Amino acid sequence: MDTVLEIKNLGMSYDTTEGSVSAVDNVSFRIMNGEAMGLVGESGCGKTSLGMCIMKLLPENAKITNGEIIFDGEDIVPKTEDEMRMIRWKGVSMIFQAAMNALNPVYKVGDQIIEAIVAHENIKKEEAREKVRELYKLVGLSPERMENYPHEYSGGMRQRAIIAMALACDPKFIIADEPTTALDVIVQDEIIDEIKNIQKKLNMIMMYISHDISVIAETCDKIGVMYAGNFIEYADTFALFDNPLHPYTKALMSSFPSIEGPKKELKPVPGEPPNLLNPPRGCRFYPRCSYAEEICRNERPEFIESESGHFLACHRVI
Amino acid sequence: MEMLNIEHLTKLFPLKKKLFSRDQQYVHAVDDISFKIEKGKILGLVGESGCGKTTTAKLLVRLLKPTSGKIYIGGEDIAGLKEENLKKFRKNIQMIFQDPYESLNPRLTIHSTIAEPLIAQGLYNLEKIHDALEVVGLKPPEGFLYRYPHELSGGQRQRVAIARALVIDPIFVVADEPTSMLDVSIRAGVLNLMLALRKSFDLTVLFVTHDLAVARYMCDDIAVMHNGKIVETGNAEEVIRNPKHSYTKALLSAVPIPDPRAKRERIRIRGKVV
Amino acid sequence: MKKIENKKASQIRQIWALVRKSTFIKLGVSIMILFGIMAVFSPIWIHINPEVYDPIIGADPNVHGSVGPSLQHPLGTDDIGKDLFSQLLRGSQVAFMLGMMVSVFSTIIGAAIGLIAGYYGKIWDTLLMRLADIILTLPRLPLLIVISGIFGTQSNWIILLILSLTFWPIISRVIRAQTLSLRERPFIESARVSGVGNTRIIVKHLAPNVLPIAFYYLTVTVTGAILVEAGLSFLGFGDPSNMSWGMMLQWCFVKGYVFKAPYWMIPPGLCISLLAFSFYLIGVGLEEMVNPRLKKR
Ligand SMILES: Nc1ncnc2c1ncn2[C@@H]1O[C@H](COP(=O)(O)OP(=O)(O)OP(=O)(O)O)[C@@H](O)[C@H]1O
Ligand SMILES: Nc1ncnc2c1ncn2[C@@H]1O[C@H](COP(=O)(O)OP(=O)(O)O)[C@@H](O)[C@H]1O
Ligand code: SF4
Ligand SMILES: [Mg+2]
Ligand SMILES: [Mg+2]
């Protein structure tokens, strides 16, 4: 299998009035052809920031400090905005967190997608309209609905339309940032089902961001766990569930309930995530880790392959 | 002995009239529901969004006035009580809201927020506020008393909201999706806290949620709501293992399972193309 | 309870620290202080030689016709030998008093009415907002003439009354809109569940949340009041027993000195703009720091 996306040692920070926030730090992983990779971690750990790095859609105050993002054999970090625009449209696409609430209320949903296509591609409006009809069918919306305004859509329908928009350019790689967090169980289920099918059908690679590990378990082949800007564990979904190695991953696994199996007591992760303005010097999980040792306080554990295909950043386990 | 007894509770919201239309249309947000909660038990009210859970919750604490039906709390019907006569009953029944970022007044300190129910009942006492903060795990209380909500994390805010609900020793608490806005890793802490408090205060709780896994973890009994009606009730474990109603089955089949090997069968209640 | 007071004190210190950080507020306050000094200096200046310097009855017998700035008359005199500097000083007193009082009155009335209409809704809302609409459509000038007619005189008090009565509807509309959206917010609902009564909800839970906007509008109203008073005075509807910047302009205009005597025309015009501008600056600065959440995020 070919590697489509490879991230090496990526680091990114935001400049704020209070100092520099290191939101992505020392992240490395690769996604192979046809794979879906899930990204989990608690709020504020840098999931969206990592996605934005790959899209190179960073706000003014953010900069990539080091590392490479190799997409389709090319490092996109040094690319200019013009070059990126082409890559973004043809290669990488993103379903933004809460984008379903960002549809313009005064235009018909179909027209908004047509506009986006016409703006990027040299085709006529009518062709674009035909394309949107196809996309609507693909995401499970009836094409007549193109003539409706956003407020006439339910939350789930709006999210489908957003997915259609993200697929408009047949991307090779799609980043889905919490596409179902705002929806209830039933709609969430329909949407993840849809996304999974489309991903397989179009043979895209996907990065699926969520803080709900059970959603990831169902949709992805690989899982990356992020904590306070670091990648702390990366493995095949089965391997990670069968044998979580990192103390944070373990804690995460026992902190949510399931409707299957015997009822077990939930163990919350004690404490709170660190302030990224001034993260702990050694392991960033150190203050909350029940396995911590002296070395963890001062030395940053490296992110290395502990078993074949199972990457990990922890002093104790290695 | 039942703490709470709901009989034929109904709430209609008038819809905006269409131009030139004579007859008034209504949304049947809560449509003739009846259920009971025994003292010290947690009843989970589950269902998809828009099915009427929040409306039910608001009726029980009388933020809304029922269109018809009875709400017996400790034997007394509060469905028809006027605003002026509600004060006494407010001491007994409290509510925890969904969004901890919205349910605390941004301009009041934690101290003032928790003091409000005490002041309203003429029971203000700094000691009680200290105790309430300690009970919900915000220690030391002095460190939190004079902070503002924006200085707290989501989990801490929800703890403040719980402290406010418990500070006047209510006998019945309505919790409307108290953890759906919280991160998974914080959620477990708040759920465990609520379970512990239920035990030590012998609370009766109506726990509203759309997450069946959470309902199973928290509740003794479950009532499944669909389109304003209750379609199934029963022991939590029983409802989840042996759902009777087709809607309950569909709801259960939509819950993602944190195990990549579990293959669940999806039951769709709606057509595929929407 | 001691701790709470300490906290209040530290809160004030915090606000002060914020105020000091805002360039707009600093600039606005500096200009205001300048006019404050002028207002305070007014009686001192008159005291030097009341016969000449009193802005109403004084006049310099030695000058004939309007003359330009000199040592004795820093801004010159008008056509009958009245000291323009003295008029300007008195003008800042009037502008301050009037501007402040109008804005405080109209903000208090407007906020109270907006809160009541917004919170209680229904009949209260309809009645109060109709009243606001009616007042908004009443033209100020004819109103002033009518009321002056009723009282048989024009005084600053009447101007104050009219301005306050005609400014509150603007504020009450804004506050009402704000209250309407706040009323449905969960923190108000949770206060109701806590058993908090209506009055207390308005005073303790709603008012502090609309206060920043009320404050902002207060500064905007001051600007408006200063300009309207100047306009009224310029049109000859000022208090004849007093002196204001607008009246200075009016006299300059009426006596036909607009182009002949820039030393007469420019200072009051400049003062009106500057004082109005200073409140505007403060308003903008306040807007920046209204919400504790905005400033944190
Ligand atoms: N524009 C910005 N300027 C400064 N700091 C920022 C900015 N955007 C994000 N951050 C900070 O970077 C960190 C990571 O944020 P990010 O949005 O990537 O988190 P996330 O994992 O996507 O969280 P969530 O699950 O809540 O969406 C946080 O500490 C956040 O406060
Ligand atoms: N104030 C209201 N006015 C009109 N309709 C309402 C109002 N509140 C809720 N509804 C309607 O009642 C139904 C149930 O809503 P709600 O109780 O909020 O559902 P849930 O909490 O289960 O998501 C929905 O159709 C909703 O649109
Ligand atoms: S490196 Fe140390 S502190 Fe960090 S997760 Fe491993 S054991 Fe815990
Ligand atoms: Mg995010
Ligand atoms: Mg709800």
Side-chain angles (χ1 to χ4, degrees), chain B residues 54 57-58 60-64 83-84 86-124 126 142 145-151 157 160-161 164-165 167-168 170 173-174 176 181, chain C residues 1-15 18 111 115 119-122 124 178-179 181-215 286 289-297:
Chain B
T54 299
K58 286 186 179 173
L60 295 198
V61 298
R62 279 300 315 277
L63 271 174
L64 291 172
E83 185 81 35
E84 306 83 87
L86 279 170
K87 196 159 183 167
K88 183 186 97 212
F89 127 91
R90 295 263 183 236
K91 181 176 176 336
N92 291 333
I93 171 162
Q94 285 292 310
M95 177 157 170
I96 299 161
F97 291 79
Q98 180 166 8
D99 187 348
Y101 289 85
E102 280 285 316
S103 70
L104 302 179
N105 189 334
R107 303 206 154 260
L108 294 189
T109 58
I110 304 312
H111 166 269
S112 309
T113 298
I114 302 181
E116 282 300 282
L118 290 172
I119 293 170
Q121 303 293 341
L123 297 169
Y124 178 84
L126 190 58
E142 298 80 21
L145 277 181
Y146 302 110
R147 289 210 225 165
Y148 285 88
H150 69 84
E151 298 171 275
R157 288 178 201 219
V160 171
R164 169 180 57 192
V167 73
I168 43 172
V173 172
V174 177
D176 185 12
M181 293 289 179
Chain C
M1 272 294 150
K2 186 104 191 283
K3 257 194 203 133
I4 299 173
E5 271 145 34
N6 282 344
K7 187 74 187 182
K8 278 256 156 68
S10 88
Q11 219 177 314
I12 290 167
R13 235 176 288 136
Q14 268 178 18
I15 292 173
L18 269 175
L115 280 166
Y119 182 71
Y120 287 106
K122 296 189 187 132
W124 285 104
Q178 192 71 14
T179 309
S181 77
L182 283 172
R183 188 179 66 171
E184 303 297 331
R185 292 269 296 275
F187 71 83
I188 297 299
E189 289 189 326
S190 49
R192 284 175 56 202
V193 173
S194 293
V196 183
N198 287 333
T199 322
R200 190 172 167 90
I201 286 185
I202 290 182
V203 174
K204 176 121 188 178
H205 294 259
L206 285 170
N209 282 288
V210 297
L211 216 60
I213 308 156
F215 230 64
L286 282 175
M289 46 177 261
V290 280
N291 203 321
R293 277 188 298 173
L294 280 185
K295 92 190 171 212
K296 200 73 191 180
R297 286 209 181 143

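Keep in mind that this is a model prediction, so the values were computed, not measured.
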query: Do S194(C) and R164(B) touch side chain to side chain, with heavy atoms closer than 4.5 Å?
result: yes
field: Residue selection (most heavy-atom pairs with chain C, distance under 4.5 Å) from Q94(B), K91(B), R62(B), K88(B)
entry: Q94(B)
- prompt: Hey, are the side chains of V193(C) and F97(B) touching, using non-hydrogen atoms and a 4.5 Å cut-off?
  reply: yes
- line: Of A165(B), A120(B), S103(B), the largest count of non-hydrogen pairs under 4.5 angstrom with chain C goes to S103(B)
- line: Note: vs chain B, highest number of non-hydrogen pairs under 4.5 angstrom among P208(C), G197(C), S190(C) is S190(C)
- line: NZ of K58(B) to CZ of R192(C), rounded to nearest 0.5 Å, is 9.0 Å
query: Quick one: CZ on R107(B) to CZ on F187(C), what's the gap to the nearest 0.5 Å?
result: 9.5 Å
- request: State the CD1-NZ distance between I119(B) and K204(C), to the nearest 0.5 angstrom.
  value: 5.5 Å
Gap separating the CZ atom of R185(C) from the CG atom of N105(B), nearest 0.5 angstrom: 9.0 Å
message: In the structure I gave you, are the side-chain heavy atoms of V196(C) and R90(B) within less than 4.5 Å of one another anywhere?
response: no
- request: Select one option (side chain, backbone, both, neither) describing which atoms of L108(B) are under 4.5 Å from chain C's heavy atoms.
  value: side chain
